[in-house]
Amino acid sequence: MINLNKTFSTTLKPIPPYNFDSTVLKPAHYPDPLKVYEAGKYWFVLRLNKKVYGIKLLNKGVVNKPEIQIVIFSKTKPSQNEIKDIIEEVSYRFEFQRDISEFFKKFKKDKVLSPFIKRWYGMHGSCAQDLYGLLMIGIFLQNTVIKRTVQMTKNMLEKYGIKVKFDNKEVYYFWTPEEIIKIPEKELRNLKVGYRAKLFIKLSQSFIKEKINEYELRQLPVEEAKERLLKLYGVGPETVRILLVEALHHYDIFDHIAPWQQKIYSRLLFNKKLVSVDKIIKYVNSKWGEWAGLAASYIWENIFWKRKQGKKIDWLEKEIRL
DNA sequence: CATCAGGGCCCTG
DNA sequence: CAGGGCCCTGAT
């Protein structure tokens, strides 16, 4: 267990509109011990430049005049440069400086989208993990049910991850690639991750050897980033979609739908049980173009927020199998 | 008790 | 390009 103390705090001003809660928390995600959320508050662990920080975000503003207090917890007092790097990284992950007002201007009167925009005005995409961390999550999701995904995540984090205590919260984060490649595959398999054990090792080796540079990937156009990520062993169309949309924040891609998602989109967009994947993709892209990915997320997250807020949606429960 | 699909992907033929 | 196999687990 790593104990961290409060060492720095400041207030940031994201570009409006910025909706804090719907940006930091994505109820469509499976429950994990990687963050703690309370209304207007968010705790997570940041691994940056070989150091470990606890980060607390506090909503101090409103959607049209957003202010976020960021509190840094660390072992030693961070230097000015360290602080600058941390703030830059957190700003990227939560899109404090991304102006998406164009999206709202363009679609506030859109027949389909307008009610969702009204409800979640200022919601951005976000990802508290780095690319490597999200990739690990992507592997946990492969070819299984959510219950087992949750179990595998817990097993692996408790054995090989780091448990960080700060601000009276306990939050986990992932191991480093360097650490996990030293573990024999058999030992990983003992944690009931199955064939994924091999993937964790191979992928971690790729991150070290091929020097997969997240910062470089962030600069690439979506198709180029996609091409590079698909070269990774164990990364296919669904995992790459997760990485592109969440870790690399691409709003302009909507080209893959897994079967369980197909059922949900069919209901949400067409009010039908099952519409072909091809038809859904064409519909979303033709309607919302370069904003297709973000538009889809407004419709997608909305139903999961309703669920989180206690609304019973029988057909949805059947599809997500928690 | 046995069988099987599941929030994919790789490999083979 | 289709289809089998992979790990394990809860559901049937």
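Given the structure is predicted, the values throughout are model-derived calculations rather than measurements. Labels below follow one simple rule: chain letters A, B, ... track the order of the sequence lines, proteins then strands, and each chain is numbered from 1.
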Legend entry - Those residues of residues 193-204 of chain A lying under 4.0 Å from DNA chain C by at least one heavy atom: A:G194, A:Y195, A:R196

Do [X] and [Y] have side-chain atoms, one donor and one acceptor, less than 3.5 Å apart?
{"X": "A:D167", "Y": "A:W43", "answer": "yes"}
{"X": "A:E246", "Y": "A:H29", "answer": "yes"}
{"X": "A:S126", "Y": "A:E95", "answer": "no"}
{"X": "A:Y160", "Y": "A:E187", "answer": "yes"}
{"X": "A:Y42", "Y": "A:N59", "answer": "no"}
{"X": "A:T10", "Y": "A:Q69", "answer": "no"}

Inset, instruction - Any chance you could measure A:L269, atom CG, to A:K279, atom NZ, to the nearest 0.5 Å? - result: 11.0 Å

Inset, instruction - Extract, from 5' to 3' on DNA chain C, the first and final nucleotides lying under 4.0 angstrom from some heavy atom of chain A. - result: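 Terminal contacting nucleotides, 5' to 3': C:dC6 to C:dT9.
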
Legend entry - Among A:F103, A:F107, A:Y251, ring pair (Phe, Tyr, Trp, His ring centres under 6.0 Å) partner for A:Y298: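 The passing option is A:F103.
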
Could you work out the separation of [N] and [M] based on their [atom1] atoms and round it to a whole Å?
{"N": "B:dG7", "M": "C:dC1", "atom1": "P", "result": "26 Å"}
{"N": "C:dG5", "M": "B:dT3", "atom1": "P", "result": "15 Å"}
{"N": "C:dC7", "M": "B:dT12", "atom1": "P", "result": "15 Å"}

Inset, instruction - Specify the residues of residues 232-243 of chain A, ordered by number, for which at least one heavy atom lies under 4.0 angstrom from an atom of DNA chain B. - result: A:L232, A:Y233, A:G234, A:V235, A:G236, A:P237, A:E238, A:T239

Legend entry - Proximity of A:F94 and A:F44 rings by center, below 6.0 Å: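 Under 6.0 Å, so yes.
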
Legend entry - Near-ring test A:Y53/A:F73, centroid separation under 6.0 angstrom: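 Aromatic pair excluded; centres sit 6.0 Å or further apart.
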
Legend entry - Per-nucleotide pairing state of DNA chain B [Watson-Crick or G-U, under 3.5 Å; [ ] pseudoknot-crossing; | other strand]: .|||||.||||||

Legend entry - A:E179 side-chain N/O to A:T176 backbone N/O, donor-acceptor pair under 3.5 Å: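 Answer holds: yes.
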
Legend entry - Pair listing, salt bridge (Lys or Arg N to Asp or Glu O under 4.0 Å) test, anchored in residues 103-132 of chain A, at least two apart: A:K106-A:E290

Legend entry - With sequence neighbours excluded, residues passing ring-ring contact (aromatic ring centres under 6.0 Å, His included) with A:F207: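 With neighbours one apart ignored, the set is A:Y132.
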
